[in-house]
2 protein chains.
Amino acid sequence: MKKFKAHPSACPIVHTMTYIGGKWKPIILGRLINGAVRFGKLAVQIPDISRKILTEQLKELEEDGLIIRHSYNEKPPRVEYELSEIGRTAIPVLMAMTELGDKMHEAITRHKRGVTQAQ
Amino acid sequence: MKKFKAHPSACPIVHTMTYIGGKWKPIILGRLINGAVRFGKLAVQIPDISRKILTEQLKELEEDGLIIRHSYNEKPPRVEYELSEIGRTAIPVLMAMTELGDKMHEAITRHKRGVTQAQ
DNA sequence: ATAAGCGGTAACGTTTATGTAACTAACAGT
DNA sequence: ACTGTTAGTTACATAAACGTTACCGCTTAT
C-alpha cells in the first residue's frame, strides 16, 4: 500500500497498514518468521501469487527495511530473504493473524450458513 | 478483500486477510474496540475515508458477521455499529497492529534516512 | 544441441478499490 | 419558507493493485 492517504491522527493502525497492508505482505512475512527463505521456495509456498507480484512485494518490503535480501553469486543464482530487525517487530501481528485465521473462518462460515439458510 | 484468491493451504493468514484485509477495515474495527460508535462519528474519526467507502466497508463487515448494525428509528436517524462476538476475536490482531504502528513507522523513517542520505 | 533450474524483467491487460458530486427523506428549529 | 442534521444512495470516474505471458542470462546435466 504505497499510496495510503490517511492521517495517522486516526490511529497507529494506519501506519501498520501502510507498511504491511498489501494483500500479500503479511503472508510473505509470515513465511519468513522461521528464518531466511529463498525466492523459489516462497513462490512454491504461496502458489497463488505470481512471480512478478512476489518480486514487487519483496522489493517494497526491502525498501521499507522490513526484510533483507541476500544474493549469493552462484550459478544458478540463489537469493534469500529474511526478516530484518524492523521486520521482526511485526511478528506479534503476524502471530495474532495466524492465530485468528482459521478460528475466524470457521465462525464466519457458521454465521453465513445461519444467515442465508435460516437454520 | 472479497475476491481473495489464495489457497489457505499457504497459511491461516490468508483467511485473516480475506476478512479484515481491506485498506480500511482494521482501522474501522479499531475504532469499535471500546464499544458502539455511530456512523457520523466514525466518519469524523477517520477523516480520509469517504462516506461511500465507509458505508460499503461497514456493510461487508456486517455481512461477514464481524459487526452488528443497530438502527434506531429516530429523526434524524441514528445508526450505531459495534463489534460482534466474531469481531471481538480480532481484537488481539488490532491491538498488535496498534502497538506496532508508531514503533515501526519511526524505525522505518530512521532506516530510510540512513539509506538515502547515508548519514 | 538441448533442456532444466534460478531469479528475475518488460509489456500489456484486467479487476478491485477508492474517490467526487449530487441527491434523498423526515423532522426540528428560526 | 428555509436551513441544518443524519445516514445514506446513485451515477460516474480514476487510480492502484494485481495478473498473464513471454522472455533473459548463466551454468550444469543429458
Side-chain angles (χ1 to χ4, degrees), chain A residues 1-7 10 13-14 17-29 31-32 36-64 67-82, chain B residues 1-7 10 13-14 17-29 31-32 36-64 67-82:
Chain A
M1 289 199 178
K2 285 230 143 168
K3 309 258 169 97
F4 196 113
K5 265 185 230 155
H7 296 292
I13 293 182
V14 170
M17 294 307 286
T18 306
Y19 299 119
I20 66 169
K23 175 174 174 181
W24 297 109
K25 283 182 182 173
I27 297 170
I28 294 170
L29 293 173
R31 292 283 142 188
L32 302 181
V37 180
R38 50 195 296 187
F39 182 86
K41 201 153 191 183
L42 280 175
V44 170
Q45 292 184 343
I46 314 173
D48 292 300
I49 194 173
S50 70
R51 284 162 168 255
K52 181 202 153 201
I53 301 297
L54 181 54
T55 306
E56 271 177 26
Q57 301 294 307
L58 287 168
K59 201 170 287 177
E60 277 185 34
L61 288 169
E62 196 201 351
E63 276 167 15
D64 285 339
I67 62 175
I68 299 167
R69 181 177 183 276
H70 301 280
S71 176
Y72 301 93
N73 213 23
E74 303 171 0
K75 307 290 164 148
R78 179 159 68 101
V79 178
E80 289 184 347
Y81 294 90
E82 77 173 323
Chain B
M1 290 200 177
K2 285 231 142 167
K3 310 256 170 99
F4 196 115
K5 265 185 231 157
H7 296 292
I13 293 184
V14 171
M17 294 307 286
T18 306
Y19 299 119
I20 66 168
K23 175 174 172 182
W24 298 109
K25 283 182 182 172
I27 297 169
I28 294 170
L29 293 173
R31 291 283 142 189
L32 301 181
V37 179
R38 49 194 298 187
F39 181 87
K41 201 154 189 183
L42 281 174
V44 170
Q45 291 185 343
I46 314 174
D48 292 300
I49 195 173
S50 70
R51 284 164 166 255
K52 180 199 152 203
I53 301 298
L54 181 54
T55 306
E56 272 177 27
Q57 301 294 307
L58 287 168
K59 201 171 288 178
E60 277 186 34
L61 288 170
E62 196 202 351
E63 276 168 16
D64 285 339
I67 62 175
I68 299 167
R69 180 177 184 275
H70 301 282
S71 176
Y72 301 93
N73 212 23
E74 303 172 0
K75 306 291 165 157
R78 178 158 69 101
V79 178
E80 290 185 346
Y81 294 90
E82 77 174 323

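Bear in mind the structure is a predicted one, so any value in this text is a computation, not a measurement. Quick note: numbers below take in every heavy atom, side chains included, and nothing from hydrogens, waters or symmetry partners. Protein chains get the first letters and strands the later ones, always in sequence-line order, with residue 1 at the start of each.
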For a quick test of reading the model, state the closest non-hydrogen atom pair linking [X] to [Y] and the distance between them.
{"X": "B:E80", "Y": "B:A36", "result": "OE1-CB, 3.8 Å"}
{"X": "B:S71", "Y": "B:V79", "result": "OG-CG2, 4.1 Å"}
{"X": "A:Y19", "Y": "A:L61", "result": "O-CD2, 4.2 Å"}
{"X": "A:G21", "Y": "B:M17", "result": "O-CE, 4.5 Å"}
{"X": "B:G40", "Y": "B:R51", "result": "CA-NH2, 4.4 Å"}

Summary of protein contacts for nucleotides 11-18 of chain D, nucleotide by nucleotide, where a base hit scores B, a sugar-phosphate-only hit scores S (4.0 Å, heavy atoms): B----SSB
Under 4.0 Å protein heavy-atom contacts per nucleotide of nucleotides 3-8 of chain D, with B for base, S for backbone only and - for none: --BBBS
[X] side, atom [atom1]; [Y] side, atom [atom2] - distance, nearest 0.5 Å:
{"X": "A:I27", "Y": "A:D48", "atom1": "CD1", "atom2": "CG", "value": "9.0 Å"}
{"X": "B:Y81", "Y": "B:Q57", "atom1": "OH", "atom2": "CD", "value": "12.0 Å"}
{"X": "B:I28", "Y": "B:I49", "atom1": "CD1", "atom2": "CD1", "value": "4.5 Å"}

Would you classify A:N73 as touching base, sugar-phosphate or nothing, given that sugar-phosphate means primed atoms plus P, OP1 and OP2, and contacts are heavy atoms under 4.0 Å? nothing
Atom [atom1] of [X] to atom [atom2] of [N]: distance rounded to whole Å?
{"X": "B:M17", "N": "C:dT16", "atom1": "CE", "atom2": "P", "answer": "16 Å"}
{"X": "B:I27", "N": "C:dT18", "atom1": "CD1", "atom2": "C1'", "answer": "13 Å"}
{"X": "B:L54", "N": "C:dT20", "atom1": "CG", "atom2": "P", "answer": "14 Å"}
{"X": "B:K75", "N": "C:dA26", "atom1": "NZ", "atom2": "P", "answer": "6 Å"}

The helix from C:dA1-D:dT30 to C:dT30-D:dA1: angle between its terminal axes, five pairs each, to 10°? 10°
B:I67/B:L29 under side-chain contact (heavy atoms from CB on, under 4.5 Å): CA gap, chis, key distance, verdict: CA-CA 8 Å; B:I67 62 175; B:L29 293 173; 3.8 Å; yes
Looking at A:K25 and A:E60, does any basic side-chain N land under 4.0 Å from a carboxylate oxygen? yes
Is the closest basic N to carboxylate O distance between B:K59 and B:E63 below 4.0 Å? no
